[in-house]
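The structure appears right after this line, and notes come after that.
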Amino acid sequence: NLDFSQCDTVNLSDCNLDNQPNLRFKDGAKVDLGGAYNLPANLDVSCCDEVDLSYCNLKEQPNLRFKDGAKVDLSRAENLPKNLDLSCCDEVSLRKSDLRGMSHLRFKNGAKVNLENAKNLPKCLDFSMCDEVNLYWCDLDGMSHLHFKEGAKVNLSLADNLPKYLDFSMCDEVNLSNCKLFGMSHLHFKDGAKVNLKEAKYLPHNLDFSMCDEVNLSYCDLSEQSHLHFKDGAKVDLSLAKYLPSNLEVSLCSEVNLSYCDLRGMSHLHFKEGAKVNLSKAKNLPKHLDVSPCAEVDLTECDLQGQTNLRFKEGAKVDLSNAYNLPENLDFSMCSEVNLTGCRFGAVKELIFKNCEQMEKSGAELPYKWKGKLVFTDEQQQTPSLGLAMTAKANGGR
């Protein structure tokens, strides 16, 4: 009979407790019994602040009780008591547990609840008082409605059989990545919400993100979105999205990710003053691409054919690594950072840098016997640096 009644922390994970019929714990103790077996009948953890019973067989624990405000982990626990009371717990994890028959399951106001990949969820589960809800990879078949608390953070990523009616209008964060939204006519989001729809399928027509602070639509099919409008200052990820609307409006966004996108059909693309813009590996850039307001610009591996008016903001961070078909005239003298690694300058007629140091840091390598004009705007270094730069960067290749 080991005595833990004076211990603040107790770790008995994976232990055989066959010879411990009377386990006593200190008020406020943190107790880890994860994977322990042969638990004493009617185990008393009602005074513990934190309890880990993950992977335990609770067949002999019909009267399991927890302390008000406790953090409880019952992940993959077997034979959960049908009358299990978790309504006093601040945090509850039932990851990968079988909840069959647990129709009386209730959660505390402000609780953080993790039901990731739990099986046989009760149809009447109520999350309306929970601060955080994780239903990742759960089958929600039979649930007609799901309601969430003001300010809740909700994860439904990879959840199956979503209810046709989902109310996220009060949620601070919503994750519906990899979900099938077939049959949903409306999705409403809270002002300031962070919304993740990455790889979601069957998006409702004309989704409204005009109040969302962050929106992730990467990998999505946007063919049914005739109008996409975003909030002033929003952070928007459209990387690898397909069938973007030709009238895409991102001019108010503080961050825009269009990497790997096909921008065919867009005649203009405008950005907000000070925006961070990622166009790396994007195809069919608009002819009137204006990145001059942007604080950060990534055009890695882009075809810049036809971009005759490429200009950059004072202090901008610019990445053109491995970009090709560069404009005839390029001025980087105002940029704070420049990456020109792997660029081909054969057709470029004028390159402007602040000084030789900026050019060297950029990784630019000029072709042997390049006939273009190289200019340094720092007049004090212009004359002596010109020959040095040409000599140092000539590599006989491009």
Side-chain angles (χ1 to χ4, degrees), residues 75 92-103 105-107 111-226 228 236-238 240-243:
S75 301
V92 177
S93 179
L94 289 161
R95 291 178 59 252
K96 301 184 179 181
S97 294
D98 189 341
L99 306 184
R100 188 185 303 275
M102 300 184 66
S103 58
L105 206 56
R106 298 291 182 270
F107 302 111
K112 298 178 180 179
V113 178
N114 186 354
L115 296 175
E116 176 185 325
N117 204 18
K119 309 300 180 187
N120 299 305
L121 274 65
K123 310 305 181 189
C124 55
L125 276 177
D126 182 9
F127 303 108
S128 61
M129 295 195 298
C130 300
D131 281 359
E132 296 184 16
V133 181
N134 186 357
L135 291 166
Y136 173 85
W137 214 344
C138 287
D139 187 346
L140 305 180
D141 188 31
M143 293 187 183
S144 57
H145 295 78
L146 279 178
H147 298 281
F148 301 103
K149 182 183 178 182
E150 173 74 31
K153 298 178 180 179
V154 178
N155 183 3
L156 288 164
S157 177
L158 279 169
D160 202 10
N161 294 307
L162 296 179
K164 294 295 184 286
Y165 178 78
L166 279 169
D167 183 9
F168 299 116
S169 60
M170 296 193 295
C171 299
D172 281 359
E173 297 183 16
V174 179
N175 188 346
L176 289 165
S177 59
N178 291 281
C179 287
K180 296 177 181 178
L181 306 180
F182 183 78
M184 292 185 190
S185 56
H186 300 286
L187 277 179
H188 299 291
F189 302 108
K190 179 184 177 182
D191 187 14
K194 299 178 180 178
V195 178
N196 186 354
L197 288 164
K198 179 179 179 180
E199 293 190 75
K201 307 291 191 300
Y202 309 113
L203 298 180
H205 293 218
N206 295 323
L207 283 167
D208 183 8
F209 301 110
S210 60
M211 296 195 297
C212 301
D213 281 359
E214 296 183 17
V215 180
N216 188 339
L217 290 165
S218 58
Y219 290 90
C220 287
D221 180 344
L222 302 178
S223 56
E224 299 296 328
Q225 309 302 317
S226 58
L228 276 180
V236 177
D237 188 349
L238 293 163
L240 287 153
K242 296 181 292 183
Y243 308 116

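- By the side chain to side chain contact (heavy atoms under 4.5 Å, CB included) test, K198 pairs with S177, N196, N216, S218, Y219, sequence neighbours left out.
- Within the 3.5 Å criterion, the main-chain N or O of E199 finds a donor-acceptor partner in the side chain of K201.
- How far CG of L176 is from CG of L158: 11.0 Å, rounded to the nearest 0.5 Å.
- With sequence neighbours left out, the side-chain hydrogen bond (donor to acceptor under 3.5 Å, both in side chains) criterion links D221 to S223.
- Here D213 pairs with K231 under the salt bridge (charged side-chain N to carboxylate O under 4.0 Å, His left out) rule; sequence neighbours left out.
- The shortest side-chain heavy-atom distance between L197 and L207 falls under the 4.5 Å cut-off.
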TODO: Take V174 and F148 through the side-chain contact (heavy atoms from CB on, under 4.5 Å) test and state the conclusion after the steps.
DONE: CA-CA 11 Å; V174 179; F148 301 103; over 6 Å; no
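- A distance of 6.0 Å separates CG of L156 from SG of C179, quoted to the nearest 0.5 Å.
- Judged as a side-chain hydrogen bond (donor to acceptor under 3.5 Å, both in side chains), and not counting sequence neighbours, H145 has no contacts.
- In this structure Y243 satisfies the ring pair (Phe, Tyr, Trp, His ring centres under 6.0 Å) test with no other residue, sequence neighbours excluded.
- Distance check, rounded to the nearest 0.5 Å: CD of E132 to CG of N155 gives 10.0 Å.
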Between side-chain atoms of residues 161-170 and protein atoms elsewhere (two or more places apart, or another chain), which donor-acceptor pairs fall under 3.5 Å?
{"unit_1": "N161", "atom_1": "ND2", "unit_2": "D139", "atom_2": "OD1", "d": "2.8"}
{"unit_1": "D167", "atom_1": "OD1", "unit_2": "S169", "atom_2": "N", "d": "3.0"}
{"unit_1": "D167", "atom_1": "OD1", "unit_2": "S169", "atom_2": "OG", "d": "2.6"}

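- Nearest heavy-atom pair across N206 and S226 is OD1-OG, 2.8 Å.
- Under the 4.5 Å side-chain criterion, counting only non-hydrogen atoms from C-beta, M143 is in contact with L121.
- In this structure, C138 SG and K119 NZ are separated by 8.0 Å, a value rounded to the nearest 0.5 Å.
- Applying the side chain to side chain contact (heavy atoms under 4.5 Å, CB included) test to N120 and every residue at least two apart in sequence or in another chain returns D98, R100.
- Between M102 atom CE and L94 atom CG the span is 6.5 Å, to the nearest 0.5 Å.
- The side chain to side chain contact (heavy atoms under 4.5 Å, CB included) search around K96 returns R76, N117, not counting sequence neighbours.
- For the atom pair CG of D160 and CG of D141, the computed distance is 8.5 Å after rounding to the nearest 0.5 Å.
- Between C130 and A152 the shortest heavy-atom distance is O-CB, 3.7 Å.
- Minimum interatomic distance between A159 and L135 (heavy atoms only, all atoms of both residues): CB-O, 3.8 Å.
- With sequence neighbours excluded, the residues forming a side chain to side chain contact (heavy atoms under 4.5 Å, CB included) with E116 are R95, N114, N134, Y136, listed by chain and number.
- Taking the side chain as every heavy atom from C-beta outward, F127 and V154 never approach each other to under 4.5 Å.
- Looking at heavy atoms from C-beta onward, L99 lies in side-chain contact with S97 at the 4.5 angstrom threshold.
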Task: Test side-chain contact (heavy atoms from CB on, under 4.5 Å) applied to V195 and L187, step by step - done: CA-CA 11 Å; V195 178; L187 277 179; over 6 Å; no
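- Summarising the geometry of A241 relative to L222, their closest heavy-atom pair is CB-CD1, 3.9 Å, with the distance given to 0.1 Å.
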